[in-house]
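A quick note: this is a predicted structure, and the numbers were derived from the prediction, not measured.
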Amino acid sequence: EKSSDSVFTKKDITTVDENGVESTQKGYDTESIYKAVNSFVTNFNAVVDAVNDSGSESITKRAESMVNATISNLKLLNKIGITLNDDSTLSLDKDTFMEADMTTVKSLFGENGSYGYRVSAQSSLIGYAADREANRTNTYTFTGVYSSLYNAGSLFNGYF
């Protein structure tokens, strides 16, 4: 059961037909959903850009998992206006998105196990791996030896 603050919670949508007659029915707030998906795309691209600057294999492998999840869902993503660029970043076409079937968007982003959920999990793991890598780079002490936090560092203590 989704909470009432989910962008996929249907709301009362009022429309006016060509005769000026108003009607209200439950529907998706596509503008709010677009903003959320656009934010996802922006964050995805920021992670990809940051990973490109990383020399860490564990971080790179997590990013590859994000891209592979994207490739495996590319047909559906294309239907909602999301394309994968040559540099592994995403692009979102608003016009295509606004015309897309919101149940497809919901299946990609609104459920546990969905594409968005898996990418988010990989992104969290990238953050964890980056924190671990950052801790490793801070292990060279003021006395000129590696601290015990970095196991391989002790191999170099005798040379410095």
Side-chain angles (χ1 to χ4, degrees), residues 1-138 149-150:
E1 177 86 9
K2 292 284 177 205
S3 66
S4 61
D5 60 352
S6 168
V7 293
F8 292 108
T9 301
K10 289 189 175 182
K11 298 176 173 46
D12 288 334
I13 307 290
T14 302
T15 56
V16 180
D17 69 14
E18 65 276 359
N19 299 319
V21 177
E22 283 189 8
S23 61
T24 301
Q25 59 188 23
K26 291 280 187 191
Y28 292 111
D29 180 352
T30 53
E31 189 65 39
S32 292
I33 296 171
Y34 172 79
K35 286 178 184 175
V37 171
N38 189 50
S39 178
F40 173 90
V41 167
T42 299
N43 291 331
F44 182 100
N45 292 344
V47 169
V48 168
D49 288 342
V51 166
N52 288 337
D53 294 335
S54 165
S56 166
E57 186 177 339
S58 64
I59 292 172
T60 303
K61 285 191 180 296
R62 300 283 184 208
E64 286 173 4
S65 293
M66 281 178 27
V67 173
N68 289 339
T70 301
I71 291 168
S72 67
N73 286 281
L74 204 51
K75 192 178 245 183
L76 284 177
L77 290 166
N78 287 339
K79 284 184 178 183
I80 67 166
I82 295 177
T83 53
L84 182 64
N85 302 314
D86 291 340
D87 64 356
S88 297
T89 60
L90 300 177
S91 294
L92 174 59
D93 180 76
K94 186 173 185 176
D95 293 335
T96 303
F97 184 87
M98 296 305 272
E99 296 296 319
D101 180 359
M102 287 300 119
T103 57
T104 302
V105 177
K106 184 177 181 182
S107 73
L108 283 164
F109 293 99
E111 302 165 1
N112 280 345
S114 69
Y115 162 74
Y117 180 87
R118 291 195 320 263
V119 168
S120 177
Q122 286 302 322
S123 179
S124 294
L125 291 170
I126 289 170
Y128 174 73
D131 286 346
R132 288 186 58 214
E133 292 295 324
N135 286 335
R136 285 183 179 174
T137 62
N138 293 328
L149 294 175
Y150 188 49

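Neither side chain, T24 nor D12, offers a donor N or O lying under 3.5 Å from an acceptor on the other.
Salt-bridge annotation for K94 and E99: absent, with no side-chain N of the basic residue lying under 4.0 Å from a carboxylate O of the acidic one.
By the 4.5 Å heavy-atom criterion applied to side chains, L77 and T83 are not counted as neighbours. Counting heavy atoms from C-beta outward, E57 and T60 have side chains that stay 4.5 Å or more apart. Using a 4.5 Å heavy-atom cutoff, the side chains of F97 and M102 are in contact. Between V105 and Y34, the closest side-chain pair of non-hydrogen atoms is not below 4.5 Å. Annotation: side chain of N43 is in contact with side chain of S39 (closest heavy-atom distance under 4.5 Å).
In this structure, the separation between CG on N68 and NZ on K61 is 10.5 Å, given to the nearest 0.5 Å. Rounding to the nearest 0.5 Å gives a distance of 5.5 Å between CD of Q122 and CZ of R62. Atom-to-atom distance recorded for T70:OG1 and E64:CD is 12.5 Å, nearest 0.5 angstrom. Note that OG of S107 and OH of Y115 are 12.5 Å apart. Values are rounded to the nearest 0.5 Å. We find the CG-NZ distance between D29 and K10 to be 13.0 Å, quoted to the nearest 0.5 Å. Atom CG of L108 and atom OG of S114 lie 7.5 Å apart (nearest 0.5 Å).
Summarising the geometry of D93 relative to T96, their closest heavy-atom pair is OD2-OG1, 2.6 Å, with the distance given to 0.1 Å. Here the closest heavy-atom approach between residue V48 and residue S88 is recorded as CG2-O, 3.7 Å. Between V119 and A69 the shortest heavy-atom distance is CG2-CB, 4.3 Å. For the pair G116 and F109, the tightest heavy-atom approach, listed with the atom from each and the gap, is CA-CD2, 4.0 Å.
Using a distance-only test at 3.5 Å, with no hydrogens or angles considered, no donor-acceptor pair links the side chain of S120 to the main chain of Y117. Of the possible donor and acceptor atoms, none in the side chain of N73 sits under 3.5 Å from a partner among the backbone N and O of L76. Between the T104 side chain and the A100 main chain, no donor and acceptor come within less than 3.5 Å of each other. Remark: the backbone N or O of V21 is paired with a side-chain donor or acceptor of D17 at under 3.5 angstrom. One N or O on the side chain of R118 and one on the backbone of G113 form a donor-acceptor pair closer than 3.5 Å. Panel note: side chain D87, backbone T89; a donor-acceptor pair is recorded below 3.5 Å. A donor-acceptor pair under 3.5 Å is formed between the side chain of N45 and the backbone N or O of L90.
Under the 6.0 Å distance and 45° angle rule, K106 does not count as a cation-pi partner of Y28.
For the side chain to side chain contact (heavy atoms under 4.5 Å, CB included) with I33, the lone residue among I80, V7, N38 that qualifies is V7.
The environment of CG in D86 is sparse: at most 12 heavy-atom neighbours from other residues, nucleotides or ligands sit within 6.0 Å.
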Set out, in order, the CA-CA distance, both residues' side-chain angles and the distance that settles side chain to side chain contact (heavy atoms under 4.5 Å, CB included) for M66 and I126, then state yes or no.
CA-CA 10 Å; M66 281 178 27; I126 289 170; 3.7 Å; yes
